[in-house]
4 protein chains.
Amino acid sequence: MGSTPQPRRGNTRQRIQDVALELFVEQGYEKTSLREIAEQLRVTKAALYYHFKTKEDILSSIFEDLNRPVEEILEWGKGQPRTLETKKEILVRYSEALRAAAPLFVFMQENQATVRELSIGHTMKHRVIALVDLIKEPDAALTDQVRCFSALFTMHAGMMALRDAEGDPEEKRAAALEVAVELVTKAHDPGPAA
Amino acid sequence: MGSTPQPRRGNTRQRIQDVALELFVEQGYEKTSLREIAEQLRVTKAALYYHFKTKEDILSSIFEDLNRPVEEILEWGKGQPRTLETKKEILVRYSEALRAAAPLFVFMQENQATVRELSIGHTMKHRVIALVDLIKEPDAALTDQVRCFSALFTMHAGMMALRDAEGDPEEKRAAALEVAVELVTKAHDPGPAA
Amino acid sequence: MGSTPQPRRGNTRQRIQDVALELFVEQGYEKTSLREIAEQLRVTKAALYYHFKTKEDILSSIFEDLNRPVEEILEWGKGQPRTLETKKEILVRYSEALRAAAPLFVFMQENQATVRELSIGHTMKHRVIALVDLIKEPDAALTDQVRCFSALFTMHAGMMALRDAEGDPEEKRAAALEVAVELVTKAHDPGPAA
Amino acid sequence: MGSTPQPRRGNTRQRIQDVALELFVEQGYEKTSLREIAEQLRVTKAALYYHFKTKEDILSSIFEDLNRPVEEILEWGKGQPRTLETKKEILVRYSEALRAAAPLFVFMQENQATVRELSIGHTMKHRVIALVDLIKEPDAALTDQVRCFSALFTMHAGMMALRDAEGDPEEKRAAALEVAVELVTKAHDPGPAA
DNA sequence: AATGAATGAGACTTCATTCAT
DNA sequence: TATGAATGAAGTCTCATTCAT
């Protein structure tokens with residue numbers, strides 16, 4: 001359908017991000033070379049460097065784009081009273097954000113050792129801490145802190161560990177959310193026997 | 001009468017494993033080069049190849065050594081009736097196994113993308129599935145499956161995500177175990193509202 | 001009535017030369033990339049190629065512009081009798097030319113290995129030889145040839161090696177000129193003991 | 001004369017230095033690639049990295065080896081009274097050192113812009129300053145300082161600028177030394193009219 | 001039980017240059 | 001008068017691995 005090498009107007013940057021994320025998720029960050037990304041795009045390595053300064057920069061840009069929803073949740077959460085309703089709503093929104101940016105979060109989960117050293121590592125760490133701070137009581141007992149952490153990880157795992165398991169992804173997400181809500185509810189009001 | 005039948009003339013093999021694990025945990029598997037390991041041991045790279053066939057082989061050997069306790073738990077669990085008591089006991093034993101091999105599990109958690117491609121990846125995956133199978137009912141609802149997965153992840157996270165948080169590690173472990181037991185208990189008998 | 005006949009619509013060409021020379025002096029020719037030059041001018045690399053055919057062409061154009069005074073000295077010198085007065089006058093004029101084009105000559109001195117391979121390398125080499133020919137006697141002894149060479153190099157060094165030393169540049173130039181004159185004078189009339 | 005790839009016992013390091021210096025002098029530091037060096041040695045690039053940590057390290061090592069004689073001159077000079085005799089002796093010794101390490105010094109002269117940024121740049125700069133300090137009087141007039149600088153440069157140029165000129169190198173060296181001595185003598189005792 | 005020397009593959013990155021617009 | 005997008009070549013460097021000794 002035409003032998004011209006197609007102009008590829010102005011979408012290369014986006015295409016790089018897409019292919020890169022796909023490969024990063026599939027093979028891990030370190031094992032994915034820029035050569036591979038370039039080849040899959042039918043472009044030279046140098047073209048990648050026209051759009052991004054470094055390999056890490058490609059990842060950062062993906063992260064920044066996809067992570068904005070989570071920041072908005074944090075922003076919103078900070079302005080709300082710390083009621084159980086608020087907490088639940090945070091979990092609901094977070095679960096939705098995870099769905100939208102599922103591959104990125106799978107990547108984050110599976111490449112922690114790598115991400116830790118990268119610039120987005122710090123950002124990510126603070127983000128998790130901030131989230132936990134929103135759903136746990138300030139003076140929560142250690143066990144309740146664990147419950148809150150666990151709630152978040154459960155939702156992450158909802159996409160990841162269950163990834164290759166059978167079942168509809170949407171159902172799995174709902175189930176993970178349910179368990180998370182349960183954990184946070186218990187942490188919110190530990191009940192008679194703490 | 002020792003359980004380690006290796007001749008062990010000289011302890012270099014062990015020292016390599018120790019240093020390697022330390023660096024793998026600290027920097028990740030890919031980012032840790034054999035040169036670094038050798039340098040830290042004041043030995044040449046070639047020496048590593050006298051003791052191990054490949055880089056991956058070093059990791060495998062560590063894994064095999066440290067993972068035996070988990071296999072024993074699986075062995076034991078398979079022979080027990082699937083009562084709540086048994087499940088709790090499995091969690092307790094697993095928690096202890098985690099403590100003993102903490103760095104290895106931190107490594108596994110943080111380097112999933114890498115480990116997945118390695119030979120131990122499959123082993124590991126099957127092991128987790130087998131463990132979950134022991135603590136969930138065969139016909140468990142999706143939510144209950146999530147609870148069981150979550151219980152395991154909570155214990156893993158007890159060492160990892162809380163790693164840099166304040167507090168005595170032993171207390172954190174206990175708290176994580178408590179939450180895990182709670183989750184499995186709930187999954188075991190979902191109660192009136194399923 | 002200007003001596004520069006170029007149309008000069010817009011001064012970009014000149015600005016490129018200025019910035020390029022500045023960077024070439026500061027970092028060397030090879031270590032200065034067109035990207036840097038373009039960035040400092042807030043222009044794209046491609047814009048440079050509208051004004052100059054190659055990187056080397058930028059350097060050549062600078063050289064041609066700034067080197068004209070030296071050519072004029074040569075022209076003038078060839079038409080004069082080879083008296084001591086003439087030689088002194090050549091040195092004086094050369095010293096002034098150096099002052100006017102100081103950065104270029106610093107660059108030439110510090111990037112000889114590079115310049116040698118470039119088109120201006122040959123030009124430059126012939127120019128030095130021609131200059132020496134004007135200030136030395138045709139049948140000068142080796143020692144006297146060295147004196148003449150040395151006179152030139154002393155003036156070059158007057159700007160360069162003493163660049164970071166203390167003192168007013170104008171005074172240094174005067175001192176270098178004085179020593180140069182001295183050397184050429186001695187070479188002109190070696191005296192009783194040759 | 002066998003077809004075996006010849007064991008190359010323990011002289012590779014030296015051979016790398018030799019070939020590298022040769023190419024650095026011929027083409028300049030930047031324009032000489034490690035590939036070229038390796039190819040000329042019938043070795044892979046990686047082999048270079050077994051013997052040297054970086055490209056710069058190759059140069060540094062050459063510099064350190066060949067520059068020791070100059071350091072010894074400095075050491076010796078510092079312990080002598082600052083008489084004209086001493087100064088002359090320094091020049092004589094320096095001239096000999098230059099002969100021994102001629103290619104290195106040609107390289108230094110022709111690649112100043114490059115060398116300046118390298119670690120040996122500082123060393124070199126201090127060395128020149130220290131040398132000048134030994135052959136000039138502490139309170140020398142500017143003109144006399146220039147004479148001393150000039151003396152050193154003259155000897156350098158004795159190898160370089162005259163490199164492609166006709167004549168026996170040894171004679172040129174002698175001539176340069178003579179002029180240098182002359183300059184330093186004049187600087188030592190400026191005479192009636194300063 | 002270990003070293004010294006080397007390799008082949010491949011990583012990330014930068015550069016001068018081109019061309020359609 | 002310039003830009004946006006891309007290329008091809010090359011650069012420095014690191015890595016896991018091998019093998020004779």
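So you know, we letter chains A, B, ... as the sequences are listed, proteins then strands, and number each from 1.
Classification of B:R35 and B:E39 as a salt-bridged pair holds, one side-chain N sitting under 4.0 Å from a carboxylate O.
For the pair D:K31 and D:F24, the cation-pi criterion (under 6.0 Å, within 45° of the ring axis) is not fulfilled. A cation-pi contact links A:K55 to A:Y29, judged by a cut-off of 6.0 Å to the six-membered ring centre and 45° from its axis.
Base pairing analysis places F:dT21 opposite E:dA2; the two distances defining the Watson-Crick or G-U wobble pair are each below 3.5 Å. The nucleotide F:dT12 finds its pairing partner in E:dA11, both defining distances of the Watson-Crick or G-U wobble pair being shorter than 3.5 Å.
For the OP1/OP2 pair of E:dG10 and a distance below 4.0 Å, the side-chain nitrogens and oxygens of A:R35 include no atom meeting the criterion. One finds no side-chain N or O of A:Y49 lying less than 4.0 angstrom from the OP1 or OP2 phosphate oxygen of E:dT14. Taking side-chain N and O atoms only, D:Y50 has no distance below 4.0 Å to OP1 or OP2 of E:dA6. Between A:S33 and E:dA11 there is a side-chain N or O to OP1 or OP2 distance below 4.0 Å. For B:T12, a side-chain nitrogen or oxygen approaches OP1 or OP2 of E:dA2 to under 4.0 Å.
Remark on DNA chain E: of its neighbouring residues A:L34 and C:E36, the 5'-side contact belongs to A:L34, judged by nearest-heavy-atom nucleotide. Each of D:E30 and B:K55 has a nearest nucleotide on DNA chain F; the 5'-most of these lies closest to D:E30. When each of D:T32 and C:R42 is assigned the nucleotide of DNA chain F bearing its nearest heavy atom, the one mapping closer to the 5' terminus is C:R42.
A:I37 has its CD1 atom 11 Å from the P atom of E:dA11, to the nearest Å. Protein atom CD1 of C:I58 is 9 Å distant from nucleotide atom P of E:dA16, rounded to whole Å. The CG atom of A:L48 sits 12 Å away from the C1' atom of F:dT7 (whole-angstrom rounding). In this structure, CD1 of B:I16 is placed 11 Å from C1' of E:dA1, rounded to the nearest angstrom. Atom-to-atom, CZ of B:F52 to C1' of F:dA16 comes out at 16 Å; the value is rounded to the nearest Å. Rounded to an integer number of Å, the gap from D:N11 CG to E:dG4 P is 17 Å. Put simply, OH on D:Y29 is 13 Å from P on F:dG11, counting in whole angstrom units. Between the CZ atom of D:R13 and the P atom of E:dA6 there is a distance of 13 Å, rounded to whole Å.
The backbone N or O of B:F107 sits nowhere less than 3.5 Å from a side-chain atom of B:E110 that would complete a donor-acceptor pair. No donor-acceptor pair closer than 3.5 Å links the side chain of D:T32 to the backbone N or O of D:Q27.
Here the side chain of B:A46 is nearest to one of E:dT14, E:dT18, F:dT18, namely F:dT18. Comparing F:dT3, E:dT3, F:dA5 against the side chain of A:H51 picks out F:dA5 as the nearest.
The side-chain contact (heavy atoms from CB on, under 4.5 Å) test with B:I62 singles out one residue from B:L104, B:I16, B:D18, and that residue is B:L104.
The base of F:dT3 lies outside donor-acceptor range of the side chain of C:K45, with no N or O pair under 3.5 Å.
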